[in-house]
Structure formats: C-alpha cells, structure tokens
Amino acid sequence: MESAVEDGKLGFPHLDNLRWRVDVTLSSNSLSRILQKSILMEMTLSNGTVRSFEVQQEQFHELRHAVARSLLEMEALEPKLELVAEMERRVERQTAVVQADSLLKKSGFVGGRGG
C-alpha cells in the first residue's frame, strides 16, 4: 500500500488550478450604499473536479489565517517526522543484524558474526 501512495495511486487529489476574483457590491435595492466585498474562488483538482465557492471578506481572512497556522504547524512537525524516519531506518538495520546473527547460529556458527 505504501508504494501505491508513493506512486500517486492512492490519496487525495491535489490542486491543479485556482482562479479567484473579488466582487464589491456597491449598492442594493434596499440600501443606497453598502460596499460589501466577497471573494469568489474556483478550484480545479487533479482528478478533474471543479469546485466553486464564495466567501465574505471576514471568512476569507479566517481561511487565510487557518492556512497560515497549518503551514507553521507542518513546518514545526517536519524535523520530528525526519527523526521518526531515521529511527525507523535504524530499527530496520538492527532487525537485519539480528536476523543475520540468527541465521549464522542456525548454520553452525556458534558465536554469530564469525565469533
């Protein structure tokens, strides 16, 4: 399954394209002047799906701050993930050594590793 994820066969689609625009409503029938801003976005995903949505200015700022926070958290996690990967490699190497010692002992090399 790991190789399928690495090959891109499993997982979530990624963002291929993002189009956006800002609309400003200057007035409406009931109010003479309102100056309401909204952001319209259209996302095209790698699987061909197109999603469009509109958010008001305040919602856009919340989204922007949430994305910035998430990026900072991901940056903080990256060194920890690298450490975990290094520990996994060490465990794999140690497991290989133990298995080799076991095979040597079964083959009649009493001390393992040439001992």
Side-chain angles (χ1 to χ4, degrees):
M1 183 164 163
E2 283 183 31
S3 63
V5 172
E6 290 170 4
D7 293 341
K9 295 177 183 173
L10 293 176
F12 296 107
H14 62 270
L15 183 65
D16 272 349
N17 190 32
L18 175 67
R19 295 176 38 180
W20 61 274
R21 75 173 192 241
V22 176
D23 282 350
V24 178
T25 304
L26 299 174
S27 64
S28 70
N29 291 338
S30 60
L31 299 171
S32 59
R33 189 171 175 200
I34 56 174
L35 292 174
Q36 181 178 6
K37 299 173 195 118
S38 62
I39 294 87
L40 292 132
M41 295 187 210
E42 180 183 273
M43 298 185 303
T44 304
L45 304 178
S46 59
N47 64 2
T49 304
V50 177
R51 299 281 187 219
S52 299
F53 59 95
E54 178 180 359
V55 294
Q56 299 303 313
Q57 183 178 8
E58 184 58 36
Q59 292 172 312
F60 177 74
H61 286 303
E62 290 174 15
L63 174 63
R64 188 173 56 85
H65 287 290
V67 168
R69 234 184 355 261
S70 295
L71 288 172
L72 287 173
E73 290 173 3
M74 289 169 60
E75 286 177 7
L77 282 175
E78 190 172 358
K80 294 175 184 176
L81 293 174
E82 289 173 2
L83 180 62
V84 167
E86 177 58 30
M87 292 173 70
E88 287 176 344
R89 286 190 292 272
R90 288 180 184 178
V91 167
E92 288 173 4
R93 285 193 300 264
Q94 188 61 34
T95 301
V97 167
V98 169
Q99 289 173 343
D101 280 350
S102 177
L103 285 173
L104 288 172
K105 287 179 183 176
K106 287 181 183 177
S107 299
F109 292 96
V110 179
R113 285 203 237 170

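Note: Q99 CD to L104 CG = 12.0 Å, rounded to the nearest 0.5 Å. Rounding to the nearest 0.5 Å gives a distance of 8.0 Å between CZ of R21 and OG of S38. With rounding to the nearest 0.5 Å, the separation of CE in M87 from CD in E82 is 14.0 Å. Interatomic distance, T95 OG1 to E88 CD, rounded to the nearest 0.5 Å: 11.5 Å. Taking CE of M43 as the reference point, atom CZ of R51 lies at 8.0 Å (rounded to 0.5 Å).
No path of Ile, Leu, Val, Met, Phe, Trp and Tyr side chains, each step under 4.5 Å between heavy atoms, connects L40 with L18, placing them in separate hydrophobic clusters. Note on V97: it does not cluster hydrophobically with V91, by side-chain heavy-atom contacts below 4.5 Å among ILVMFWY residues. Note on V67: it clusters hydrophobically with L15, by side-chain heavy-atom contacts below 4.5 Å among ILVMFWY residues. F60 and V22 fall within a single hydrophobic cluster, where Ile, Leu, Val, Met, Phe, Trp and Tyr side chains are chained together by heavy-atom contacts under 4.5 Å. Using a 4.5 Å cut-off between side-chain heavy atoms of Ile, Leu, Val, Met, Phe, Trp and Tyr, with links allowed through other members, L71 and F12 fall into different hydrophobic clusters.
Using modelled atom types, no side-chain atom of S46 and backbone atom of P13 make a donor-acceptor pair closer than 3.5 Å. Between the side chain of S102 and the main chain of V98, no donor-acceptor pair closer than 3.5 Å is present.
Proximity of L77 to E73: side-chain heavy atoms (C-beta onward) are nowhere separated by under 4.5 Å. Contact of the E58 side chain with the E62 side chain is registered, since non-hydrogen atoms from C-beta on lie closer than 4.5 Å.
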Next on the checklist: Using side-chain contact (heavy atoms from CB on, under 4.5 Å), reason through L35 and T25 one step at a time and then give a plain yes or no.
Outcome noted: CA-CA 5 Å; L35 292 174; T25 304; over 6 Å; no
Next on the checklist: Set out, in order, the CA-CA distance, both residues' side-chain angles and the distance that settles side-chain contact (heavy atoms from CB on, under 4.5 Å) for E75 and L72, then state yes or no.
Outcome noted: CA-CA 5 Å; E75 286 177 7; L72 287 173; 4.1 Å; yes
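Between E86 and R89, at least one side-chain N (NZ, or NE/NH1/NH2) sits under 4.0 Å from a carboxylate O, which counts as a salt bridge.
For R64, the CZ atom is densely surrounded, since the number of other residues' heavy atoms within 6.0 Å is greater than 12. The environment of R93 atom CZ is dense: over 12 non-hydrogen atoms of other residues, nucleotides or ligands sit within 6.0 angstrom.
Closest of all the heavy-atom pairs between Q57 and I39 is CA-CD1, 4.0 Å. When every heavy atom of D16 is checked against every heavy atom of L45, the shortest pair comes out as OD2-O, 3.7 Å. V55 and Q59 make their closest contact through CA-OE1, 3.5 Å (heavy atoms, listed as atom of the first residue, atom of the second, distance). When all heavy atoms of K37 and Q56 are compared, the pair lying nearest together is O-OE1, 3.3 Å.
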